[in-house]
Every structure is written in structure tokens, then in C-alpha cells.
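Note that the numbering runs from 1 along the sequence shown for the chain.
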Amino acid sequence: MRELNEAAEKAKALFGANDSTPISGNWAKWYHEGIPDEPEDVRAEERAKAAVEYHCMECTGLSGCYFIDGAKTFPTYPHHQNCHCEKQDESPNTVIADCDIRKFTGYIFADKYAYNGKRVLFRDNFGYTIEDSPNLKAEYERQAKEKYMSGDYILNELGQYGQFININIELESPKHGIVNVISGWQVHPNGLITCNTPYGDD
């Protein structure tokens, strides 16, 4: 596993997944009073207190998150009747897309999850192996960051844990040339998005 992690860092440097690309575009930040953007433990504690006082968990989950301000790229605002959240015209200081390498090594290519058909898809149909995990991680991060920043994503489920989005990833398959896969990501405060699934809506 150490070797794969080292390879992932080399791949990230090669592909420039999270470089210092200038932040531009028509951004807006969702803000709910009293909910800190970080650290996560304090944020979770304040969200729990707000829930006791009947504040909407979906709203507090959105607080601190940035979206491109558009009809299809920003969550419905106001979110509900008597919603006292704010939509602030503000850009993130940085944007980071993080895809844990275990999404590939411990999920896509893992024996444990072979039943779901994704290993067959990536290995047998696309031509990737577990050794490709570092490069896949880096390419997912590169494209996800680029598309999140440009608003090229689709809003998916919004729940108590926050807003999820779908991002199309174009892969150069060793067997079939360019293939498109829909990946699932979660939006976090401070311009961070994390990959929940490299393929599908689960």
C-alpha cells in the first residue's frame, strides 16, 4: 500500500490535479449563521446544537460550501419557507478535489466488492488494473477540480450530510479509447470536494 500511495503522489505531481489555478467565475457561498466552516469536530458539534433548536440540517450542511451561481449549479435558495440562510457573492480561496486512492484499490479493484460489476467494467472492459490506481486518482482529481470550477457538474442528492454532485470523467481506456463515466462527489466548505464513488450514483 505504501508503494501505491507514493505512486499516487507522483501521479498527482505529474497531472497537476490541485495546482494553483486562479479562482474565477460567478461563485456564491451558502452561509448559515453560527455554523463554522472548520474544524470538522466543532462544525459537527454546532450543527448538532442547531438541530436541537430545529434548524434545518440540510441548510447547516450547506453552510460554508461554494457553488457556481447558476440555476442548475447552485442549490435551491432559499431552501425552504422561513429559511434565514444567506447566499454570499464570494469565491473560495482555493479549490481542492480529493479522491482517496482506496476508492480504486479498496473498492473498484477489491475482491470484496467484485459482485457489483465495477471491477469487471474497469478491468475487463476498460483495461485498467489496480496498478493504474494512482494515475486514475490523479486524473479524477484533475478533471473534477476543473469541472467543479467551471460549473460543469450536476446537482445530485441534498441531505443532512450535505450536497452531492455528479461529474463526468473522461478516461482514455487502454481498450476502447475515450470512455465517459459519471462520478459522485460531496461538496464541503472552503472549496473542497471529495469523491464518494468513481462510478455510478451509489
Side-chain angles (χ1 to χ4, degrees), residues 12 15-40 43-44 46-47 50 55-100 103 136-171 178-202:
K12 182 184 289 187
F15 284 98
N18 287 303
D19 58 19
S20 56
T21 305
I23 307 298
S24 61
N26 188 29
W27 289 91
K29 177 182 180 180
W30 192 288
Y31 174 74
H32 186 290
E33 184 179 3
I35 305 300
D37 294 350
E38 58 182 356
E40 183 55 39
R43 176 178 169 84
E46 293 303 318
R47 290 190 65 217
H55 287 273
C56 172
M57 287 293 284
E58 293 181 354
C59 285
T60 61
L62 283 167
S63 187
C65 295
Y66 292 87
F67 303 88
I68 295 296
D69 191 8
K72 296 183 178 180
T73 52
F74 195 91
T76 300
Y77 175 84
H79 183 50
H80 54 78
Q81 189 175 10
N82 300 321
C83 180
H84 61 273
C85 293
E86 298 177 17
K87 184 167 81 167
Q88 303 175 338
D89 294 331
E90 183 181 331
S91 299
N93 292 324
T94 186
V95 170
I96 296 175
D98 179 38
C99 181
D100 191 327
K103 294 296 180 181
L136 287 168
K137 165 188 167 65
E139 186 62 14
Y140 268 68
E141 290 176 341
R142 183 188 71 80
Q143 291 192 38
K145 175 181 177 178
E146 179 183 291
K147 293 185 178 185
Y148 173 56
M149 291 176 67
S150 66
D152 187 10
Y153 58 83
I154 297 173
L155 295 174
N156 197 343
E157 179 182 354
L158 170 61
Q160 64 174 325
Y161 299 108
Q163 179 69 60
F164 296 86
I165 61 176
N166 288 346
I167 296 177
N168 181 69
I169 302 293
E170 297 179 357
L171 297 174
I178 300 299
V179 294
N180 292 278
V181 298
I182 301 299
S183 60
W185 299 73
Q186 182 175 355
V187 182
H188 301 272
N190 297 325
L192 170 67
I193 60 172
T194 57
C195 184
N196 282 10
T197 178
Y199 182 84
D201 298 322
D202 59 341

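- Contact detail for C195 and P198: the closest heavy-atom pair is SG-N, 3.8 Å.
- Looking at residues two or more places apart in sequence or on another chain, you find a side-chain contact (heavy atoms from CB on, under 4.5 Å) between P36 and V42, R43, E46.
- Shown here are the ring pair (Phe, Tyr, Trp, His ring centres under 6.0 Å) partners of H80, two or more places apart in sequence or in another chain: there are none.
- Residues forming a side chain to side chain donor-acceptor pair (under 3.5 Å) with T60 (at least two apart in sequence, or on another chain): R47.
- The pair E146-R142 meets the salt-bridge criterion, since a charged nitrogen lies less than 4.0 angstrom from a carboxylate oxygen.
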* Check step by step if side chain to side chain contact (heavy atoms under 4.5 Å, CB included) holds for D98 and K137. => CA-CA 8 Å; D98 179 38; K137 165 188 167 65; 3.8 Å; yes
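- Residue L62 holds its CG atom at 11.5 Å from CD1 of I35, rounded to the nearest 0.5 Å.
- The one candidate from I165, N196, L192 that meets the side-chain contact (heavy atoms from CB on, under 4.5 Å) condition with Q186 is N196.
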* To do: Dump the intermediate steps for salt bridge (Lys or Arg N to Asp or Glu O under 4.0 Å) on E141 and K145, then the final yes or no.
  => CA-CA 6 Å; E141 290 176 341; K145 175 181 177 178; over 6 Å; no
* **Test log, rule side chain to side chain contact (heavy atoms under 4.5 Å, CB included), inputs I68 and W27** => CA-CA 4 Å; I68 295 296; W27 289 91; 3.7 Å; yes
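- In this structure, Q88 places its CD atom where more than 12 heavy-atom neighbours from other residues, nucleotides or ligands lie under 6.0 Å away.
- In this structure, V187 and Y66 approach most closely via the heavy-atom pair CG1-O, 3.9 Å.
- The CE atom of M57 sits 11.5 Å away from the CG atom of L158 when rounded to the nearest 0.5 Å.
- For F164, there are no ring pair (Phe, Tyr, Trp, His ring centres under 6.0 Å) partners at least two apart in sequence or on another chain.
- To the nearest 0.5 Å, atoms CG (N93) and CG (N190) are separated by 8.0 Å.
- Separating the CD1 atom in I167 from the OH atom in Y140 is a distance of 11.0 Å, to the nearest 0.5 Å.
- By the side chain to side chain donor-acceptor pair (under 3.5 Å) test, Q143 pairs with E139, sequence neighbours left out.
- Checked against side-chain contact (heavy atoms from CB on, under 4.5 Å), N180 has the following partners two or more places apart in sequence or in another chain: N168, E170.
- We find the CD1-NZ distance between I154 and K147 to be 10.5 Å, quoted to the nearest 0.5 Å.
- Among residue pairs with one or both ends in residues 68-78, those qualifying as side-chain hydrogen bond (donor to acceptor under 3.5 Å, both in side chains) are D69-K87; sequence neighbours excluded.
- Every side chain to side chain donor-acceptor pair (under 3.5 Å) that W185 has, sequence neighbours left out, goes to S183.
- Minimum heavy-atom separation, P189 to S63: CG-O, 3.7 Å.
- Taking D152 as the reference, nothing meets the salt bridge (charged side-chain N to carboxylate O under 4.0 Å, His left out) condition, with sequence neighbours excluded.
- Residue C59 comes nearest to W30 through the heavy atom pair O-NE1, 3.6 Å, listed as atom of the first residue, atom of the second, then distance.
- Remark: E58 pairs with H79 by the side chain to side chain donor-acceptor pair (under 3.5 Å) rule, at least two apart or across chains.
- In this structure, the ring pair (Phe, Tyr, Trp, His ring centres under 6.0 Å) partners of H55, at least two apart in sequence or on a different chain, are H32, H84.
- Between F67 and Y153, the two ring planes are tilted [angle within 30° to 60°].
- Among residues at least two apart or in separate chains, salt bridge (Lys or Arg N to Asp or Glu O under 4.0 Å) pairs with a member in residues 23-38 are K29-D37.
- Looking at Q163, its side chain does come within 3.5 Å of a backbone N or O of N156 through a donor-acceptor pair.
- Residues S91 and G25 approach most closely at OG-O, 4.2 Å, considering heavy atoms.
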